[in-house]
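Keep in mind that what you see is a predicted model, and the values were worked out from it rather than measured. One-based numbering along the sequence shown.
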Amino acid sequence: MTSPGTRADAETEDLDVEEALALVRDSSGPTRSGPTRSGPARSGGHGTPAPHHPAGSHHRATSWPEARAIAERAARAAARAVRRTPVSVPLDAALGLTLAAPLAALTDLPSFDASAMDGWAVAGPGPWTVRDEGVLAGHAEPVPLTDGEAVRIATGARIPPDTTAVLRTEHGRTDERGRLHPTRDVVHGQDIRPRGQECRSGDQLLPVGTLATPAVLGLAAAAGYDTLTAVPRPRVDVLVLGDELLTEGLPHDGLIRDALGPMLPPWLRALGAEVGSVRRIGDDAKAVHRAVTTSDADLIVTTGGTAAGPVDHVHPTLRRIGAELLVDGVEVRPGHPMLLARLKDDQHLVGLPGNPLAAVSGLLTLAEPLLRTLAARPAPEAYTLPLRDAVHGHPSDTRLVPVVLRGEGAVPLHYNGPAMLRGIAAADALAVVPPGGAGPGQEAELLDLPWATGGIGVCFT
């Protein structure tokens, strides 16, 4: 037997992922990506990826706004190239996904005349003789009422045929003969939810591109759905690189604890991704090559190894496999040596620096716009708040600084060095500080952290 959700999916013309993505893009307005400091965007037109260069070639680091725009364009190109198929997802697994088919009502809501209150269903003018048996929610249609008759009724119960109104419990009294009297005027149809009051079967409730919030899941269930047709979550594999990393215990003998292995998977899930494997790999070029070339994820995220040191194997691996570097270094601090590479038409790699806060910077600069676009989520609305304190800036690069939000302002946090997590762990957002810094009271763009907004991105499991 076909489930209600499946039946509705068959009756609508489902869009593929790129079409759903386009609808979200067209309806969400401008994104955070603004003009670059080094001139216009390097694009041949709307949605066209920026020109790329082979791994290892000489280049200039990309400005921070343009790096984010390139990541979005790369995701759109991947969606066009592969035509990813929407998936049918049970309601309890659909939180945070984007609808790839319209949500049309499978039934009238409510599907029968229902009582909006506890009280009595009454027929005609009072006083009324009250039946012995009551009417409860979840039961079959009760027998009709006759004029001068009433019956006890619970909220949500079916209204008996020929009912005039529902009299609330607090608006009625019974006399010594057991007859029911109103204590205020009774209006025809009061406190009755008529069939189809919210919608009729076939009405479109929500369009393609709607984010599945808890309220959307509730509406879908009420409308008869068991599943939703949605854009699939982008799949991510994480490679944590480095011989110096410990997975337990205290740091010792030059070894340090791996902070990124525990931090990145839940953060990526909060960005809408499905995290596959999380692998810790030493400074071994062959192991890095094998891990990259055997992954079938939409996105591979690496940590560390993006510079040009003797054990930095990310660039050599990308050269070896003929990857296209779309971003190789970004004019942002921390996180300057981050990178974005296209491995295949439908597969990318984001290389994060090894320092924890620098890795967060890379995550929000490159991975967030790429994953958001692959998932067809709408871009967040850009907003600014005044900084309570001055923030030192880099002479030529953007800075991302952890802040807490207090009233109508943003308070910069200390412990914001590239290797520090103490600041970001207490933060609500990251302030985008322009080159040269910002003074007290100066407006700064803010990047919300998923868990600080209380939004749909909070999905850690």
Side chains of H315 and D328: do they bring a donor and an acceptor to under 3.5 Å? yes

Are any non-hydrogen side-chain atoms of L206 and L219 less than 4.5 angstrom apart? yes

Determine whether a donor-acceptor pair (N or O, by modelled atom type, separation under 3.5 Å) exists between the side chain of S295 and the backbone of V292. no

Ion pair R233/E274, N-O distance below 4.0 Å: no

Polar side-chain atom of D258 near backbone of L260 as donor-acceptor pair, under 3.5 Å: yes

If a pair satisfies salt bridge (Lys or Arg N to Asp or Glu O under 4.0 Å) and one of its residues is in residues 296-305, list it, with sequence neighbours excluded. R84-D298, R235-D296, R235-D298

Any side-chain donor-acceptor pair under 3.5 Å between S88 and T227? yes

What residue pairs, at least two apart or across chains, pass side-chain hydrogen bond (donor to acceptor under 3.5 Å, both in side chains) with a residue in residues 345-362? none

Is there a donor-acceptor contact under 3.5 Å from the side chain of R68 to the main chain of L364? yes

Residues in side chain to side chain contact (heavy atoms under 4.5 Å, CB included) contact with A222, at least two apart in sequence or another chain: L109

Please collect all salt bridge (Lys or Arg N to Asp or Glu O under 4.0 Å) contacts where either partner lies in residues 305-315, sequence neighbours excluded, each pair once. none

E198 meets the side chain to side chain donor-acceptor pair (under 3.5 Å) criterion, sequence neighbours left out, with none

With no hydrogens and no angle check, is any side-chain donor or acceptor of S277 less than 3.5 Å from a backbone partner on R279? no

Backbone N or O of M338 within a donor-acceptor pair of the T306 side chain at under 3.5 Å? no

Residues in side chain to side chain contact (heavy atoms under 4.5 Å, CB included) with V432, at least two apart? W64, T398, L400, E445, L447

Of all heavy-atom pairs linking A429 and L446, the shortest is CB-CB, 4.4 Å

Could you pull out every donor-acceptor pair under 3.5 Å between side chains of residues 414-425 and any protein atom, sequence neighbours left out?
from	atom 1	to	atom 2	distance (Å)
Y415	OH	R422	NH1	3.3
N416	ND2	L413	O	3.1

Closest non-hydrogen atoms of V278 and P265, given as atom of the first, atom of the second and distance, are CG2-CG, 3.6 Å

Applying side chain to side chain contact (heavy atoms under 4.5 Å, CB included) to H289 and not counting sequence neighbours gives T293, T317, R320, I321

Got a sec, which residues hit side chain to side chain donor-acceptor pair (under 3.5 Å) with R388, two or more places apart in sequence or on another chain? none

Of all pairs that satisfy side-chain hydrogen bond (donor to acceptor under 3.5 Å, both in side chains), the ones with a partner from residues 105-114, not counting sequence neighbours: D108-R195, D108-R200

Please enumerate all residues that pass salt bridge (Lys or Arg N to Asp or Glu O under 4.0 Å) together with R158, with sequence neighbours excluded. E141

Residues in side chain to side chain contact (heavy atoms under 4.5 Å, CB included) with A154, at least two apart? D118, L136

Within the distance-only criterion (no hydrogens, no angle test), does the side chain of T98 pair as donor or acceptor with the backbone N or O of A375 below 3.5 angstrom? yes

N/O donor-acceptor pair under 3.5 Å between R257 side chain and G249 backbone: yes

